[in-house]
Amino acid sequence: MAFDPSKLPSLLNPEQLRAATHTGGPLLVLAGAGSGKTRVITYRIANLVIAHGIEPWRILAVTFTNKAAGEMKERLEKLLGPTAHEAWISTFHATGARILRRDGAAIGIPSGFVIYDDSDQLAEMKRVMKSMGVDPKLVDPRKVLHRIDDAKNHGRSPDDLAKRPGYDELSRLTPELYRRYQKSLAAAGAVDFGDLLSRLVELFEKAPDVLQKYRNRFRHVLVDEFQDTNRVQYRLLQMLAGDGRGLCVVGDDDQAIYRWRGADVTNLLSFPQDFAGAEVVKLEQNYRSTQTILDAAHAVIAHNPTRMDKRLWTEESGGAPLELVVARDERDEAQQVADRVRAALRDGVDAAEVAVFYRTNAQSRVIEEAFRLGRIPYAVVRGRSFYDRAEVKDLASYLRLAVNPLSSADALRVINKPARGIGDTTVGRIEAAAEEWGVGIVDACRQSAQIPGLNASAQGKARSFAQLVGKLALEAANGSAGAAAEAALKLSGLEDAYLAEGSDEAVDRLDNLRELVGAAKEWDQTWTPPIDPDEPEAEGPTPLAAFLEQLALLGDADEKIAGPKVALMTLHASKGLEFERVFLTGMEETVFPHSRALGDEGGIEEVAEERRLCYVGFTRAKRRLVLSLARSRVLFGNLRFNEASRFLGEVPRELFGIKGAAKPSRQTGVHVVYDDARGEPEIDLGDDDGFEDRYQVDYSFDQRPAPRQPEIRRAVVRAPAPDTGAPFRIGMPARHPSFGVGMVEGIDGDKVAVRFPGVGVKRVVARFLQAV
DNA sequence: TGAGCGTCAATTAGC
DNA sequence: TTGACGCTCA
């Protein structure tokens, strides 16, 4: 055994040690960024097993992502060996799926249920709306789903929603749509992601013996990223952990960035009140970043009104100053970032240790272009890409049908893939018949002779689709994922269709399908059924069933990235990661913080969440942090001049390595200059284009309800922008190379209307104008 | 059935 | 500006 509890004091700092060894009551670990949280959790589990004799299968650890769960498992295995596998370490959703497969029958969920993903949900909702005669143009099916998801997150049934009637179409129709949607999921033997949690609560409520079984079993429950839990998740934890005696939650309120998808930091903030006698441990020592980076992060996050008091520190003092890049426009910004990345790689920095962050995915395009042009190896980090491909989903649908022929979303997805002459009209009639008879789509196809309106040819085609599914079910009966996938690829006709098409794209898609078949075969070889000492006789899932569950619940965890690459990702995606050098781009108002957080729908809490996102971004950097902004940017096809992000102004100037007013430097190109008299930072370009470019970050304060501390409303870059235009105002003189000096009469995007004496009004691109 | 075209909207995203 | 989507026409 690699783990020796007596060594713990030498492996952990005092707070970590306390968190890892505390027992006998609820525990809240406030784990700052980079404070060794995963380390604490794994040592805690190992300590429970070795020092306290807790059997691993009595331990439940839940995370939000597969990646986090995987890391935890891996580390625990190193400490405990193979017995580590007996502990339940998985995501909330995988935990839900696992329990529902075993015990969901008590509330009518078949053990072979399929899990509908977002696109399945959308397709199902559209069908429900169609059958109810609801116009998808009047009521957006996505919004309905969002309402339903929200309801599930809050544990509300259709009846609950109906009790609070709304005024608009959406609100009035949602309860009934919700009810019918659940009905069709049930008919299809399907659950959606939300159900994996909300129906688990339902199960525990309706079948107390089942709840009791799991309560007895799990003596210890650990929760990672607790600040991200929503209402249902919290409810589940309460149910499972009872008074919280064996409950340990780990989180950081400063990294709560998922409020918009239902997460409720209150779960964390009120933990000490909710669980009497809770112990609170703060982990504030950081093992990742330089003090400079931590100071910058703290300076920003400290502007949030309500947060738990804590501050990261490191033994490693100092560190390189932050750098600021002020670019002309978004392309220049991308270029400058690319230049700096290239320089870093030349200096021997590993590409895998460099990351570029942005607020929205749309920003990646320009950066990718610059990187491609500059031949910098990069990879855009996204959740799933392989499994979200249409062709991969098609093949998966055949597999799911083989296991569960009731699944309507799957049947309708592939009934005409490849094209086999079952058109919309035919499908519509089959659907109607299936609904009327109360059977699945595949069953209806089998009985196609009875379907009104179908001619002999359509009947035959429908029948052979049903036969195809039957054949696949037979192939799948022995539970081999590889055999089933291979059969599906061939028997469905997908392979032949792609071969016949022969285009580059078809070849590409076929390659993907073969890769999926390969993955299924490999799965058969490597997968081992879960060990469960609690229920030794229980019939475990087949490899195929387990494979399908992975497909639904797992991302592209082991996506192979050939060679070291610079990672491009959104700030949200950066959470939990770390890099030597981090570039945080788009540090502009309306980009970051995003306009949605600033507009009518936004408010103090929205801006606070953006600020936490900034904090997350900063704290990913180990040694170097580069912030960049563009003075102008094309957004939705319009040229915009954004103000510098308020977050920039919140970083003390010293952290940029600037003392007092600095001389512009040709070397770095950019300097932050401070006006000591006003104590306000200015940004000065070191370029030599003959324009004065002192950019002042200006503060003004909110006039609305007196804030407890002045809220910084705007950080304005007041500046002439030399190349792409200037903040021309109506009534201002401007010089044009051919028309001379005139008076500005109007501004429209990057076009400025100027009246030139003797020439008249000309609409000219601002780039060609000079302020006079 | 599928390509082509007009319309509309426009964070973030995990399972 | 891009993209997703639905509708139309060949």
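Below, chain A is the first sequence line, B the second, and so on; all start at residue 1.
A/Asn361 comes within contact range of the sugar-phosphate backbone alone, with a heavy-atom separation under 4.0 Å but no base atom that close. When heavy atoms are screened at a 4.0 angstrom cut-off, A/Lys575 is found touching no nucleic acid atom at all. At the heavy-atom level, A/Asp118 lies under 4.0 Å from base atoms of the strands shown. Across all strands, A/Phe636 comes closer than 4.0 Å to base atoms (heavy-atom distances). Using a 4.0 Å heavy-atom criterion, one finds that A/Gln121 contacts no nucleic acid atom at all. Here A/Arg420 lies out of heavy-atom contact (under 4.0 Å) with every strand. Using a 4.0 Å heavy-atom criterion, one finds that A/Gly421 contacts the sugar-phosphate atoms exclusively. Using a 4.0 Å heavy-atom criterion, one finds that A/Asn416 contacts the sugar-phosphate atoms exclusively. Backbone-only contact: A/Arg365 has heavy atoms under 4.0 Å from sugar-phosphate atoms and none from a base. Residue A/Gly194 is classed as having no contact, given no heavy-atom separation below 4.0 Å to the nucleic acid.
When each of A/Ile422 and A/Ile257 is assigned the nucleotide of DNA chain B with its nearest heavy atom, A/Ile422 is the one assigned upstream, toward the 5' end. Comparing A/Ala419 and A/Leu196 against DNA chain B, the residue whose closest nucleotide sits nearer the 5' end is A/Ala419.
B/dC15 atom P lies 15 Å from atom CZ of A/Arg382, rounded to whole Å. We find that CD of A/Glu505 is positioned 13 Å from C1' of B/dG2, with the value rounded to whole Å. Across the protein-nucleic acid pair, A/Glu605 atom CD and B/dT12 atom P stand 20 Å apart, rounded to whole Å. Look at CD on A/Glu610: it is 12 Å from P on B/dA13, rounded to the nearest Å. Whole-Å rounding puts the A/Asp117 CG to B/dA13 P distance at 17 Å. Rounded to an integer number of Å, the gap from NZ of A/Lys137 to C1' of B/dG6 is 12 Å. Going from atom CZ of A/Phe357 over to atom P of B/dA13 covers 13 Å, rounded to whole Å. Between the NE2 atom of A/His146 and the P atom of B/dT12 there is a distance of 14 Å, given to the nearest Å.
Among A/Tyr358, A/Tyr258, A/Phe357, the one residue that satisfies the ring pair (Phe, Tyr, Trp, His ring centres under 6.0 Å) test with A/His572 is A/Tyr258. Each of A/Ile257, A/Leu613, A/Thr360 was evaluated against A/Leu571; a single residue qualifies, A/Leu613, per the side-chain contact (heavy atoms from CB on, under 4.5 Å) test. The side-chain contact (heavy atoms from CB on, under 4.5 Å) test with A/Phe64 is passed by exactly one of A/Asp224, A/Thr229, A/Thr91: A/Thr229.
Remark: the separation of the P atoms in C/dC5 and B/dT12 is 15 Å, to the nearest Å.
The OH atom of A/Tyr615 sits 12.0 Å away from atom CZ of A/Arg612, with the distance rounded to the nearest 0.5 Å. Atom-to-atom distance recorded for A/Leu639:CG and A/Asp329:CG is 8.0 Å, nearest 0.5 angstrom.
A cation-pi arrangement, defined by a distance under 6.0 Å to the six-membered ring centre and an angle within 45 degrees of its axis, is present between A/Arg101 and A/Phe113.
Taking 4.0 angstrom as the limit, A/Thr570 places a side-chain polar atom (N or O) nearer than this to OP1 or OP2 of B/dA13. For A/Asn66, a side-chain nitrogen or oxygen approaches OP1 or OP2 of B/dC15 to under 4.0 Å.
Under a 3.5 Å cut-off, the side chain of A/Asn304 and the backbone N or O of A/Ala608 do form a donor-acceptor pair.
For B/dT11, the base is stacked against the aromatic ring of A/His594, per a cut-off of 5.5 Å between centres and 30° between planes. For the pair A/Phe92 and B/dC15, the ring geometry does not qualify as stacking, because the centroid separation below 5.5 Å and plane angle under 30° are not jointly satisfied.
Shown here for A/Ser628 and A/Glu333, the closest heavy-atom pair between the two residues is OG-OE2, 2.7 Å.
With hydrogens and angles left out, the side chain of A/Arg596 and the base of B/dT12 share no donor-acceptor pair within 3.5 Å.
Between chain A and DNA chain C, the heavy-atom contact criterion of under 4.0 Å yields a 5' to 3' nucleotide range of C/dT1 to C/dG6.
If you check the side chains of A/Ser503 and A/Glu501, you find a donor sitting under 3.5 Å from an acceptor.
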